[in-house]
Amino acid sequence: VGRLVFTSSPSVTFDGRDQEGIDESVPYPKRFLCPYPHTKALGEQEVLAANEPGGLLTCALRPHLVWGPRDGHLLPRLVQRSRTGALRRVGNGRNLVDTIFVENAADAHRWAAERLVDGSPVGGKPYFLSQGEPVNCWEWIDRLLALAGEPPVRRRIGYRTAWIAGSILERAYRLAGRTDEPRMTRFLAAQLATSHYYAIDAARRDFGFEPRVSTDEGLARYAAWLAEHPIVAEG
């Protein structure tokens, strides 16, 4: 293997506070809210440190909220929680977040791999990826739910209340020896209530990244796919 493109996550820089238009100069936090961003950060650091001109060339890509046809994670979980009445708006509902259509994320991986050669600026670096246009988190969730025929989220919970509930549930699950994910965690509360969107200038400059599929076109493609592959979730 001469080239390695690692799929990381923007959460490797997330410490629970708003991140508005940040770039790759933002450091890893001193403490992580849960194992997911922590292990992602450890993996990213190992991969980037392994970059060696003339040997293995590496980079790390940080796509945020990947969505689109064949999604087996994001929308199915939203639908499941919607149908069981467990979905709540967290916070004031004004937070902005980045997303990325799945084909744009795939393009980025291919383009980064093609530019990952000796002398290229790509080697040993991380890159944020997105549609290049942040969206209101809860309006976006409502749009995704509408694709699956689900109603918008109406119930609300304050950020502080959600954070405390997540902290209590995390402790209770640990004491009970449970390995499944609690309905609410501190990380999830923070992700749903804060703004996190990113500058993608470096990806554009270093390997020519540009979202070829617009958000509206991506939603149309997703809707067409869902019409033939409806989400089956217990309700």
Side-chain angles (χ1 to χ4, degrees), residues 8-22 26-45 62-67 71-100 128 130 134-146 148 150-198 231 233-235:
S8 186
S9 166
S11 65
V12 299
T13 65
F14 186 60
D15 63 1
R17 295 176 291 183
D18 289 320
Q19 294 186 314
E20 300 172 317
I22 67 169
V26 172
Y28 302 108
K30 294 181 179 179
R31 296 183 63 184
F32 292 90
L33 296 177
C34 72
Y36 174 76
H38 190 190
T39 54
K40 273 291 189 183
L42 291 173
E44 179 179 287
Q45 291 174 80
R62 299 169 174 176
H64 192 254
L65 280 180
V66 182
W67 57 276
D71 170 25
H73 177 67
L74 177 61
L75 186 53
R77 291 185 69 181
L78 289 173
V79 169
Q80 175 69 26
R81 294 194 176 197
S82 174
R83 292 179 181 175
T84 58
L87 200 53
R88 302 282 193 281
R89 288 179 181 254
V90 179
N92 60 26
R94 296 192 294 270
N95 52 310
L96 301 179
V97 299
D98 263 336
T99 75
I100 188 167
F128 288 118
S130 75
V135 296
N136 177 281
C137 177
W138 292 99
E139 291 177 2
W140 173 249
I141 287 174
D142 285 345
R143 291 184 75 180
L144 287 181
L145 287 171
E150 295 295 315
V153 184
R154 299 299 187 193
R155 297 180 179 179
R156 298 176 180 269
I157 184 173
Y159 180 23
R160 179 176 174 79
T161 301
W163 178 279
I164 293 173
S167 180
I168 292 173
L169 285 172
E170 288 174 40
R171 179 180 293 271
Y173 272 50
R174 282 197 300 271
L175 291 174
R178 295 180 59 171
T179 57
D180 54 325
E181 185 180 8
R183 178 177 296 182
M184 180 58 68
T185 65
R186 293 170 299 158
F187 178 74
L188 180 58
Q191 285 279 299
L192 293 175
T194 63
S195 289
H196 30 283
Y197 54 93
Y198 314 91
I231 293 174
E234 297 179 2

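- Put simply, CZ on Phe14 and CD1 on Ile22 are 10.0 Å apart, with the number rounded to the nearest 0.5 Å.
- Between Phe128 and Tyr198, the ring planes are parallel. Angles under 30° get that label, and only those over 60° would be called perpendicular.
- Put simply, CG on Leu87 and CD on Glu150 are 9.5 Å apart, with the number rounded to the nearest 0.5 Å.
- A 4.5 Å side-chain heavy-atom check between Val135 and Val97 finds at least one atom pair inside the cut-off.
- In this structure, the side chains of Ile100 and Val66 come closer than 4.5 Å at one or more pairs of heavy atoms.
- At least one donor-acceptor pair closer than 3.5 Å links the side chain of Arg88 to the backbone N or O of Gly85.
- Interatomic distance, CG of Leu78 versus NE2 of His73, reported as 9.0 Å (0.5 Å rounding).
- Legend: side-chain hydrogen bond (donor to acceptor under 3.5 Å, both in side chains) pairs involving residues 151-167, not counting sequence neighbours: none detected.
- Shown are Leu74, Val79, Leu65; of these, the side-chain contact (heavy atoms from CB on, under 4.5 Å) with Leu144 is made only by Leu74.
- Heavy atoms only, all atoms of each residue included: Val12 and Ala41 are closest at CG1-N, 3.4 Å.
- Side chains of Leu75 and Trp67 form no contact here, defined as non-hydrogen atoms less than 4.5 Å apart.
- The side-chain heavy atoms of Asp71 and Pro76, taken from C-beta on, include a pair separated by under 4.5 Å.
- Among Pro37, Pro29, Pro27, the one residue that satisfies the side-chain contact (heavy atoms from CB on, under 4.5 Å) test with Asp15 is Pro29.
- Remark: the backbone N or O of His196 is not paired with any side-chain donor or acceptor of Asn95 at under 3.5 angstrom.
- In this structure, the separation between CG on Asp18 and OH on Tyr197 is 8.5 Å, given to the nearest 0.5 Å.
- With Thr39 contributing its side chain and Pro35 its backbone, the two residues share a donor-acceptor pair below 3.5 Å.
- Closest heavy-atom contact between Ala148 and Ile231: CB-CD1, 4.4 Å.
- Phe187 and Ser11 get closest at one heavy-atom pair: CZ-CB, 4.0 Å.
- Across all their heavy atoms, Ala193 and Gly91 have their closest contact at CB-CA, 4.2 Å.
- Note that the CG atom of Leu175 and the CZ atom of Arg171 stand 6.5 Å from one another [nearest 0.5 Å].
- Note on Asp142 versus Arg89: salt bridge recorded, some NZ/NE/NH1/NH2 to OD/OE distance being below 4.0 Å.
- Taken from OG1 in Thr194 to CG in Asn92, the straight-line distance is 10.5 Å, to the nearest 0.5 Å.
- The side-chain heavy atoms of Arg62 and Thr13, taken from C-beta on, include a pair separated by under 4.5 Å.
- Evaluation of the side-chain hydrogen bond (donor to acceptor under 3.5 Å, both in side chains) test over residues 174-193, restricted to residues two or more places apart or in two chains, returns Arg77-Glu181, Glu170-Arg186, Tyr173-Arg178, Arg178-Asp180.
- Side-chain atoms of His64 come within 3.5 Å of backbone atoms of Asp98 as a donor-acceptor pair (strictly under, hydrogens ignored).
- Between the side chain of Glu44 and the backbone N or O of Lys40 there is no donor-acceptor pair closer than 3.5 Å.
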